[in-house]
Amino acid sequence: MSEEEAIHVADVSEGIGGDATAEPGSPVELPVVDVLTGRSFITGKSGSGKSNTASVVIENLLSNGFPVMIVDTDGEYYGLKEEYEILHAGADDECDIVVSPEHAEKLATLALEQNVPIILDVSGYLEEETANELLLEVVKQLFAKEKRMKKPFLLVIEECHEYIPEGGGMDETGKMLIKVGKRGRKHGLGIVGISQRPADVKKDFITQCDWLCWHRLTWDNDTKVVGRILGSKYASAVEDLGDGEAFLMTDWDESIRRIQFHRKETFDAGATPGLDDFERPELKSVSSDLVGELESISDEKERRESEIADLKQELEKKDRRIADLERELEEARDLSDMADQFAQALLGKAEAPYRGGGGRAARIPERPEPGRPDGDDAESGDQSVLKSYDEAVAATEERAQEADESGTDPAAESGASAADGGAEIDESDADAADADAAGPAPESESGTPDDVDPVTRDDVAESALRFDDAIELGTREAVIEELRSRIEALPELSRGMLRHYRREGASDPVAAHIDAGGDGDSGHAYSRHRPIRRAGLIRHAGRGSYAYAVPDLVREAYADRLDEDQVDEIVRAVERVFVPPAELHYPPDADPADVEGEAGTEADDRTALEGADGATTEGDEAAAEREGDSASAEAEESAEAGETGEAEPPTDPGLSDAARRFAERSER
């Protein structure tokens with residue numbers, strides 16, 4: 001194709017604005033290259049003939065074998081298929097192929113590489129976003145491919161004011177069309193914008209067009225646009241143009257002509273319906289191979305969508321299964337907690353006769369101890385303890401009866417083992433007592449000495465007393481040491497704030513900070529208040545206040561088994577690390593005159609603590625017996641009884657001192 005090739009689209013008409021050098025009826029031709037690669041604008045009110053003008057230009061290009069792509073917003077260009085083999089792609093069943101943004105690259109390839117004319121019908125898409133995305137992707141692909149191919153190609157955009165509006169709000173599709181208008185010519189990509197409202201089209205696009213066609217316009221704003229571009233005489237004359245008549249302004253010959261465009265030769269699908277019956281002509285179809293290539297893309301898209309739907313359904317099933325498993329796990333945890341609580345309750349109830357009614361949970365070893373049965377015949381922890389106790393008592397009573405018959409003192413035959421957890425008594429004293437009372441140790445029938453000594457009631461009571469003392473004393477020491485360590489770890493100013501909470505009972509961090517010697521800054525106050533709260537030494541009391549919590553910690557450590565006097569004694573022992581002695585033994589609201597000097601010493605606190613622990617004279621003896629010095633403890637007890645002349649009568653003359661002390665503690 002040479003640059004002189006042109007298409008005959010109209011004839012010169014008479015009237016204002018006509019070319020004085022051309023006779024009316026003279027042919028008007030457009031250079032093909034300028035049409036294919038240039039920028040043009042066709043405008044006119046509805047019914048003035050602008051769509052007919054575009055169709056006439058397109059028919060001439062198709063007749064000469066030049067490809068075009070028409071973006072049809074109203075579905076009125078399919079009539080071209082009456083004469084030309086053109087691909088009609090869109091969203092309707094009437095289209096040759098239903099396309100989506102996934103088809104954009106293939107459509108651009110067909111248009112540029114295979115010279116397939118395409119009507120991109122966007123009128124059938126229900127979602128405007130889908131239509132815009134399809135157009136955007138197609139134009140992007142055309143622009144990218146034209147940079148490489150440099151092939152003349154025309155893109156026709158109907159109702160272009162919807163994509164490139166004058167008033168702003170232009171989206172990515174409009175920006176891409178403006179880019180084609182500014183830079184497409186150098187790559188061979190031309191564009192034609194068609195609109196019935198020139199006032200609504202972005203002026204940057206109109207002013208850069210190579211040729212413009214102005215059909216009849218009557219709205220004042222639109223005629224003003226004609227006056228600014230063509231001149232005032234054209235602004236008034238444009239209102240009187242007939243159907244198909246227009247002012248043609250071209251840059252290649254710098255002329256303005258009043259012309260009459262030809263009528264389109266193909267079926268006018270955009271004509272206004274009349275009273276006559278509508279008869280749709282027979283339309284040409286495109287190659288099945290061509291449609292098959294596009295259908296393969298649609299099939300692949302449907303396959304992917306189906307796979308995604310299946311995966312989503314499978315994911316939903318797994319999510320439901322996970323939720324069910326989490327619920328079952330939570331229920332199992334609840335059942336496990338209930339089982340643990342029930343087991344502890346049973347153990348406490350079973351241990352009550354053995355521990356004097358105390359009801360504390362038994363310490364059950366995780367593995368069988370040496371010498372105890374293992375496997376299916378092994379006793380559970382609480383039952384084995386009770387059974388050992390019952391067997392020991394029965395054996396003692398039987399041995400005592402045999403000793404009465406033989407004249408032997410049963411108290412002299414003390415064993416070497418205790419029933420409670422395997423605690424041992426002084427073996428040297430037991431052996432000496434056996435030697436004095438019974439003489440040589442009895443032998444078994446085989447002639448070997450019997451190495452298992454009998455267990456007496458006194459042994460059981462002594463072992464239980466030692467176990468009970470160790471638990472009570474050890475727990476108190478551990479609680480006091482734990483709370484003291486928390487307090488000692490606090491900064492000095494934080495300990496001062498804790499003293500404030502002790503005195504006030506409940507207060508706020510700022511007041512405590514000021515009382516401890518700090519300032520009134522709330523940030524500083526809460527910063528030094530935070531370590532006390534994290535240590536659990538105070539607790540939130542509501543409305544920004546906090547309360548002193550050390551007594552509550554002591555009560556919780558003993559599961560509320562201590563009376564208030566015992567709690568107070570332990571709390572006082574803890575408070576010695578941060579409360580001055582003068583404050584320790586007086587209430588916070590006491591008269592300052594009453595608080596003189598040190599109202600107590602560390603020795604006094606120790607004495608009070610020992611009293612709270614139940615460490616009486618008998619308790620000291622029990623501790624002495626745990627160190628293996630039972631003989632000296634008994635001598636000390638006899639000496640004290642002789643000096644004071646006072647001695648407590650035994651609970652039962654038949655019990656030893658250890659058994660009597662255990663019985664007295666059980667009664668308490």
Side-chain angles (χ1 to χ4, degrees), residues 3 30-43 50 53-54 57-58 61 66-73 101 104-105 107-109 111-112 118 120 122 131-214 222 225-226 228-230 247-256:
E3 293 185 358
L30 302 178
V32 172
V33 172
D34 290 315
V35 171
L36 289 175
T37 62
R39 292 153 292 185
S40 60
F41 180 60
I42 302 174
T43 186
K50 63 182 184 302
T53 297
V57 173
I58 293 170
L61 293 175
F66 300 112
V68 295
M69 177 178 288
I70 308 159
V71 179
D72 188 359
T73 59
E105 182 178 3
L107 290 173
T109 300
L112 293 178
I118 298 175
L120 187 60
V122 296
N132 281 353
E133 184 181 0
L134 173 61
L135 177 57
L136 174 62
E137 294 301 321
V138 169
V139 175
K140 280 183 177 180
Q141 293 293 334
L142 289 174
F143 189 82
K145 291 180 180 296
E146 280 285 46
K147 290 177 65 175
R148 173 176 55 85
M149 298 181 64
K150 306 290 185 181
K151 178 180 180 179
F153 185 84
L154 182 62
L155 177 64
V156 180
I157 308 294
E158 269 282 1
E159 304 295 342
C160 64
H161 59 270
E162 295 182 0
Y163 304 107
I164 48 176
E166 172 64 19
M170 188 164 53
D171 58 11
E172 292 299 321
T173 304
K175 294 177 181 178
M176 191 65 210
L177 293 176
I178 292 293
K179 184 177 181 180
V180 172
K182 291 180 177 180
R183 300 169 53 189
R185 184 182 183 91
K186 65 178 65 176
H187 302 310
L189 182 59
I191 185 171
V192 174
I194 304 172
S195 174
Q196 58 182 323
R197 298 295 304 275
D200 294 341
V201 180
K202 195 170 184 63
K203 299 305 178 289
D204 289 347
F205 176 79
I206 296 177
T207 55
Q208 294 186 27
C209 288
D210 304 313
W211 60 281
L212 299 94
C213 187
W214 305 87
D222 294 334
V225 176
V226 177
R228 287 199 301 269
I229 297 177
L230 300 182
F247 290 118
L248 177 64
M249 176 182 178
T250 58
D251 284 354
W252 52 80
D253 58 5
E254 297 182 353
S255 66
I256 300 176

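Legend: residues meeting salt bridge (Lys or Arg N to Asp or Glu O under 4.0 Å) with R185, ordered by chain and number and at least two apart, are D34, D210. Listed by chain and residue number, E105, E113, K145 satisfy the side chain to side chain contact (heavy atoms under 4.5 Å, CB included) test with T109 (two or more places apart in sequence, or in another chain). Judged as a side chain to side chain contact (heavy atoms under 4.5 Å, CB included), and not counting sequence neighbours, the contacts of E166 are K202, K203. For E159, the side chain to side chain contact (heavy atoms under 4.5 Å, CB included) partners are T73, D74, H161, E162, Q196, not counting sequence neighbours. Scored by the salt bridge (Lys or Arg N to Asp or Glu O under 4.0 Å) test, D222 finds R197 as partners (sequence neighbours excluded).
In plain terms, the two heavy atoms of T43 and S195 that are nearest each other are OG1-O, 2.8 Å. Residues P67 and A111 share a closest heavy-atom pair of CB-O, 4.0 Å. Of all heavy-atom pairs between G188 and T37, the closest is O-CG2, 3.7 Å. Taking every heavy atom of both residues into account, P198 and I206 meet most closely at O-CD1, 3.8 Å. The shortest non-hydrogen separation linking E146 to F153 is OE2-CB, 3.4 Å.
With rounding to the nearest 0.5 angstrom, the CG atom of L177 is 8.5 Å from the CG atom of L136. For the atom pair CZ (F143) and CG (L155), the distance works out to 12.0 Å, reported to the nearest 0.5 Å. Taken from NZ in K147 to NZ in K186, the straight-line distance is 10.0 Å, to the nearest 0.5 Å. With rounding to the nearest 0.5 Å, the separation of CH2 in W211 from CD1 in I42 is 4.5 Å. Taking CD of Q208 as the start and CD1 of I191 as the end, the distance is 11.0 Å to the nearest 0.5 Å. A distance of 5.5 Å separates OG1 in T250 from CG in L248, rounded to the nearest 0.5 Å.
Y163 is listed as a side-chain neighbour of L135, based on a closest heavy-atom distance under 4.5 Å. Between W252 and L30 the shortest side-chain heavy-atom distance falls below 4.5 Å. Residues V225 and W214 are in side-chain contact: their nearest non-hydrogen atoms beyond the backbone lie under 4.5 Å apart. Side-chain contact between Q141 and L107 is absent, with no heavy atoms from C-beta onward closer than 4.5 Å. Side-chain atoms of V33 and P152, non-hydrogen and from C-beta on, never get closer than 4.5 Å to each other. Looking at heavy atoms from C-beta onward, I164 lies in side-chain contact with M170 at the 4.5 angstrom threshold.
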Worked verdict on F66 versus L154 for side-chain contact (heavy atoms from CB on, under 4.5 Å): CA-CA 9 Å; F66 300 112; L154 182 62; over 6 Å; no
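Residue pairs satisfying the side chain to side chain donor-acceptor pair (under 3.5 Å) criterion with at least one member in residues 170-183, sequence neighbours excluded, are listed as follows: N132-D171.
Shown here is K150, whose NZ atom has more than 12 heavy atoms of other residues, nucleotides or ligands within 6.0 Å.
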